[in-house]
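Since we're looking at a predicted model, the values are computed, not measured. Counting starts at 1 for both ligands and their atoms, following the listed order.
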Amino acid sequence: MRLWPEHPPSFRNSMERFSSETTKVVQYLLKFLAMDMGVDPDSLLEIFRGEPQNMRANYYPPCRQAGKVLGLSPHCDASGLTLVLQVNNVQGLQIRKDGQWLAVDALDGALLANVGDVLEVLSNGRYRSIEHRTVVNPEKERISAAVFHLACPDATIGPLPELVKDGGKAAYKSMAFEDFLKLFFSTKLDGRATVEGLRI
Ligand SMILES: O=C(O)CCC(=O)C(=O)O
Ligand SMILES: [Fe+2]
């Protein structure tokens, strides 16, 4: 938290509170996802326990040539789960489904949960990392806050052992999370490139 500005004075506290509350939401979601996959929730939660949580506040100024630019290039998040708050209810996030870009509504006060590359690999492809981008608005500014739940620095990212026992086949390579991050950042923002590169 020391990295966040001290002004306005309530800012750090609000961010700290937002961060700790969203951590709880992510832990619940991970637990439910583990139950859905039929794996021990602790084995999934363990991969994220004590991880450094990253947060990004995005400011998209209005742009009169909105049709000619993007706010954020198409990408997948490196996280397990990302929670996004569309702070001022201006639409701008789009997800790619069956090759089409679909707008995601900005619902007042709603958190959006996006599956990231780490969860796709851990779930052996049951949950797919969502490719997304943002567009800008010709008249209105847009603000969003994203919290990324990455894995612990010393975790190994690969299909969960419980999903590939009894003859199940791993559909993704396993690698140290640190190496995964290096790979992720070396491919820049390029759609599903990182996670596709991990497929066996
Ligand atoms: O601004 C948004 O709605 C999404 C932001 C995002 O995808 C990101 O920060 O990775
Ligand atoms: Fe993103």
Is there a donor-acceptor contact under 3.5 Å linking the side chains of T187 and T194?
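T194 and T187 do have a side-chain donor-acceptor pair below 3.5 Å.
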
Whether the D77 and H132 side chains hold a donor-acceptor pair (N or O, under 3.5 Å, no angle test) is what I'd like checked.
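Judged by distance alone, the side chains do pair up.
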
Within the 4.0 Å heavy-atom shell around [X], which atoms of ligand 1 are there?
X    : value
V84  : 3 (O)
D77  : 10 (O)
T134 : 1 (O), 2 (C), 3 (O), 4 (C)
F148 : 8 (C), 9 (O), 10 (O)
Y60  : 1 (O), 2 (C), 5 (C)
L93  : 3 (O), 4 (C)
R142 : 1 (O), 2 (C), 3 (O)

R192 bridged to D117 by N-O distance under 4.0 Å
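The answer is no: the pair does not qualify as a salt bridge.
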
Donor-acceptor contact present, side-chain [X] to main-chain [Y], <3.5 Å:
X    : Y    : result
S79  : L150 : no
Q91  : L93  : yes
N124 : A171 : yes

For the Fe ion (ligand 2), find the closest N/O/S atom belonging to D77 and write down its atom name.
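Result for D77 and the Fe ion (ligand 2): OD1.
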
Contact (N/O only, under 3.5 Å) between R56 and ligand 1
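Between R56 and ligand 1 (N or O atoms, distance only) the closest approach is under 3.5 Å.
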
Among Q94, H132, R133, which one puts a heavy atom closest to atom 7 (O) of ligand 1?
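Looking at heavy atoms only, H132 sits closest to atom 7 (O) of ligand 1.
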
Applying a heavy-atom cut-off of 4.0 Å, say which part of T82 lies close to ligand 1: side chain, backbone, both or neither.
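Neither part.
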
